[in-house]
Trainee: 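The structure's right below; bear with me while I get my questions together.
Each ligand, and each atom within it, is numbered from 1 in the order the structure gives.
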Amino acid sequence: MSSSALQIVWVYPDLLSTYGDRGNMLILAHRARARGIPVQTHEIHVNEALPEGDIYLMGGGEDGPQALAAERLLADRGLHRAVDRRAVVFAVCAGYQLLGSSFFAKGAKFGGLDLIDISSDRGETRAVGELGGEVDPALGLPTLSGFENHGGRTHLGPGVKPLATVKTGIGNDGRTEGAWAGTVLGTYCHGPALSRNPALADLLLRWATGEETLSDMDDTWPSRLRKERLTATGLA
Ligand code: GLN
């Protein structure tokens with residue numbers, strides 16, 4: 001897969017792709033091409049080996065598919081090699097939980113990929129609804145906005161920073177939402193996340209390309225969506 005185009009790898013669309021999370025791949029490709037950056041996208045199913053890429057995406061999943069994805073990714077090691085090369089990883093919900101040391105699914109504890117310093121267990125209630133918060137100032141992003149639906153709760157170790165402070169919803173534990181370390185970033189936000197947070201999409205593109213800034217593009221529709229959702233959740 002050697003090419004000058006930006007290689008975006010969607011990890012296991014057959015297991016990890018709830019609530020329109022595939023949109024994150026489409027949005028990244030669209031926003032890169034709008035800036036003249038050539039892109040190739042790759043949808044890698046569970047029976048395929050992960051290729052070398054620049055950005056890896058994982059979405060949400062139900063408990064069974066999530067446990068199977070962990071087993072296959074631990075055997076494949078392609079995501080571990082990607083993180084060692086400082087490729088970008090953007091993971092949502094089940095995909096986010098998978099990045100840590102452990103998670104719960106189907107009433108049992110499973111080992112995760114141990115790529116970032118988080119672990120997940122089960123909450124007393126399911127977290128369902130709008131999720132929003134103020135992003136870590138180090139990332140320089142506006143208010144985070146998304147939709148969450150998960151039973152897990154995530155605990156952050158000293159090796160990661162929270163993506164955001166929760167203003168509405170639950171996220172990790174009702175106080176913080178998501179986590180990031182280096183160029184690996186996880187969130188509970190569906191929506192898909194990058195349609196509601198185009199500046200986050202651009203951050204991932206900047207990490208992947210090494211560009212400090214990206215040219216402006218027409219953000220009329222994402223701006224309308226953000227305004228509508230942030231107003232509805234009292235975060236506008
Ligand atoms: N199965 C996980 C949980 O319920 C993740 C759910 C999801 O990805 N939406 O916590």
Trainee: Looking at ligand 1, does Y19 have a heavy atom less than 4.0 Å from it?
Mentor: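 True for this residue.
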Trainee: Looking at D216, I want to see if its CG is surrounded by more than 12 non-hydrogen atoms of other residues, nucleotides or ligands under 6.0 Å.
Mentor: no
Trainee: Taking the non-hydrogen atoms of H190, is any one of them nearer than 4.0 angstrom to ligand 1?
Mentor: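 Right, H190 reaches ligand 1.
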Trainee: Nearest to atom 10 (O) of ligand 1, what protein heavy atom do you find, and at what distance?
Mentor: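 I find the closest protein heavy atom is G152 N, 2.8 Å.
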Trainee: Under 4.5 Å side-chain heavy-atom separation, chaining through any Ile, Leu, Val, Met, Phe, Trp or Tyr, what else clusters with L230? Say none if it is isolated.
Mentor: L235
Trainee: Which atoms of ligand 1 have any heavy atom of G151 under 4.0 Å away?
Mentor: 3 (C), 4 (O), 10 (O)
Trainee: Starting from atom 2 (C) of ligand 1, what is the nearest protein heavy atom, named by residue and atom, and what distance separates them?
Mentor: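 Of the protein heavy atoms, Q66 OE1, 3.3 Å lies nearest.
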Trainee: Check this for me: E62, atom CD, are more than 12 non-hydrogen atoms of other residues, nucleotides or ligands nearer than 6.0 Å?
Mentor: no
Trainee: Using a 4.0 Å heavy-atom cut-off, say whether R153 meets ligand 1 through its side chain, its backbone, both or neither.
Mentor: neither
Trainee: Closer than 4.0 angstrom, basic N to acidic O: yes or no for R35 and D202?
Mentor: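 Judged by the 4.0 Å cut-off on N to carboxylate O distance, R35 and D202 do form a salt bridge.
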Trainee: Judged on heavy-atom distance to atom 6 (C) of ligand 1, which of S17, G59, G61 sits nearest?
Mentor: G61
Trainee: Looking only at side chains, do H155 and D173 share a donor and an acceptor under 3.5 Å apart?
Mentor: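 The answer is no; no qualifying pair exists.
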